[in-house]
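Bear in mind that the values here come from a model prediction, so they are computed numbers and not experimental data. What you see below is based on every heavy atom in this structure, not just the backbone, and it leaves out hydrogens, waters and symmetry mates.
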Amino acid sequence: MKKQFNINEKTFVYNNYIQPMPALADGKLELASPAYRLCAITINQLFQYIIFLPIYIYSLSALFEAMEEEYDSDEFTEFFLEWLTLPQTLTIIMITIMALIIFTAWQISWMTKYGQSIGKRMLNIRVIRTNGNNPGFIRNVILREIVYQLIVVIIGTLTLGIGYFVFMLFPAMVFINKWQRRTLQDFLADTIVVKDKTSNKPVTVRIPKR
């Protein structure tokens, strides 16, 4: 049975702008702070770096070996093709692929069930819809992640890379209180990110409609 909380609204004045925001729910929930949200992103990135670290180090060692031998272009190509077929190379590649698959499946499972990536779960924050429901697979995975990344790639490609630099600025939207610290992903999926101060279990929060 899903938990429900009644949320009272508080009104904040921000540069003479009156903004109703979801406030504390009996002291159990509050909007996640920018620091927590950015730390969650960093944790997720660190996990990905750790997954690719072995193959990165192994590739660098092979590159340094080729540089020491001072191969020309044809010899380097031959060396590279031979390196790709080495048993240890294939083993490291397979381990990396399997680790990436497990990590991705783990992320999708928690994001669907709890509204949390691994980073968010470690910091006890979660994504919920603006009506308080769990966003589930469609909104938390498809809209907030896949569709958003497709938009980034399409606009970045059409603008010859300039769009990528613009999208790098969007995480700063978590510092805008009058937008309930929502990023472009949150607006796309109709979500907010909250901090659950009492439990790791999924909760349902009912936010009054306006």
By side chain to side chain contact (heavy atoms under 4.5 Å, CB included), which residues pair with Leu143, not counting sequence neighbours?
Arg139, Val147, Ala189
Kindly assign one of parallel, tilted or perpendicular to the pair Trp110 and Trp106, based on the angle between their ring planes and the thresholds 30° and 60°.
perpendicular
Quick check for you: to the nearest 0.5 Å, what is the distance between Leu81 atom CG and Phe76 atom CZ?
10.0 Å
Evaluation steps, side chain to side chain contact (heavy atoms under 4.5 Å, CB included), between Ile142 and Tyr148:
CA-CA 8 Å; Ile142 300 297; Tyr148 175 77; over 6 Å; no
Would you say Ile118 and Phe103 make side-chain contact, with heavy atoms under 4.5 Å?
yes
Any Leu188 side-chain heavy atom under 4.5 Å of Arg144 side chain
no
Measuring from atom CH2 of Trp83 to atom CD of Gln88, what distance do you get when rounded to the nearest 0.5 angstrom?
9.5 Å
Is Ile146 linked to Phe137 within one hydrophobic cluster, defined over Ile, Leu, Val, Met, Phe, Trp and Tyr using a side-chain heavy-atom separation of less than 4.5 Å?
yes
When every non-hydrogen atom of Ala40 is compared with those of Leu123, the smallest separation belongs to N-CD1, 3.5 Å
Please tell me whether Met111 and Leu46 are part of a single hydrophobic cluster in this structure, the criterion being side-chain heavy atoms less than 4.5 Å apart.
no
What's the shortest heavy-atom distance between Gly156 and Thr159, and which atoms?
O-OG1, 3.3 Å
Can you give me the closest heavy-atom contact between Gly136 and Asn134, atom names plus distance?
N-OD1, 2.9 Å
Return the minimal non-hydrogen interatomic distance between Gly161 and Phe165, and the atom names on each side.
O-CD1, 3.3 Å
Taking ring-ring contact (aromatic ring centres under 6.0 Å, His included) as the definition, give me every residue that meets it alongside Tyr56, ordered by chain and number, with sequence neighbours left out.
none
Take Ser109 and Tyr114, measure what side chain to side chain contact (heavy atoms under 4.5 Å, CB included) needs, and give me the verdict at the end.
CA-CA 8 Å; Ser109 175; Tyr114 304 113; over 6 Å; no
Tyr164, OH atom: more than 12 neighbouring heavy atoms under 6.0 Å
yes
Taken in chain and number order and not counting sequence neighbours, the residues that satisfy side chain to side chain contact (heavy atoms under 4.5 Å, CB included) with Phe187 are Met173, Trp179, Arg182
Is the shortest side-chain heavy-atom distance between Thr183 and Val174 below 4.5 Å?
yes
Report yes or no: do Met168 and Leu38 belong to one cluster of Ile/Leu/Val/Met/Phe/Trp/Tyr joined by side chain heavy-atom distances under 4.5 Å?
no
Which distance, rounded to the nearest 0.5 Å, do you find between the CG of Leu84 and the OG1 of Thr89?
7.0 Å
For residues Val166 and Leu150: do they belong to one hydrophobic cluster (side chain heavy atoms under 4.5 Å, members Ile, Leu, Val, Met, Phe, Trp, Tyr)?
yes
Tell me whether the count of non-hydrogen atoms from other residues, nucleotides or ligands lying under 6.0 Å of CD in Glu82 goes above 12.
no
Where is the tightest heavy-atom contact between Pro34 and Phe175, given as atom of each residue plus distance?
CB-CE2, 3.5 Å
Side chain to side chain contact (heavy atoms under 4.5 Å, CB included) between Ile128 and Asn133, worked out:
CA-CA 6 Å; Ile128 62 172; Asn133 292 331; over 6 Å; no
If I take atom OG from residue Ser59 and atom CD1 from residue Ile92, how far apart are they, to the nearest 0.5 angstrom?
8.0 Å
To the nearest 0.5 Å, atom CD of Gln180 lies from atom CG of Leu31 at 6.5 Å
Spacing of OH belonging to Tyr58 relative to CG belonging to Leu63, to within rounding of 0.5 Å
13.0 Å
Checking Ile151, Thr157, Leu158 against Ile155 for side-chain contact (heavy atoms from CB on, under 4.5 Å), the one that qualifies is Ile151
Excluding sequence neighbours, so at least two apart, what forms side chain to side chain contact (heavy atoms under 4.5 Å, CB included) with Phe52?
Ile55, Thr96, Leu100
What residues, two or more places apart in sequence or in another chain, satisfy side chain to side chain donor-acceptor pair (under 3.5 Å) together with Gln107?
Asn44
Those residues at least two apart in sequence (or on a different chain) that pass side chain to side chain contact (heavy atoms under 4.5 Å, CB included) with Glu78 are none
Where do Arg37 and Ile125 land on the side chain to side chain contact (heavy atoms under 4.5 Å, CB included) test, with the steps shown first?
CA-CA 8 Å; Arg37 293 189 63 175; Ile125 62 178; 4.3 Å; yes
Same hydrophobic cluster for Phe47 and Met98, using side-chain heavy-atom links shorter than 4.5 Å among ILVMFWY?
no
Check each of Arg181, Gln116, Arg126, Lys120 against Val193 using the side-chain contact (heavy atoms from CB on, under 4.5 Å) test, and report the only one that passes.
Lys120
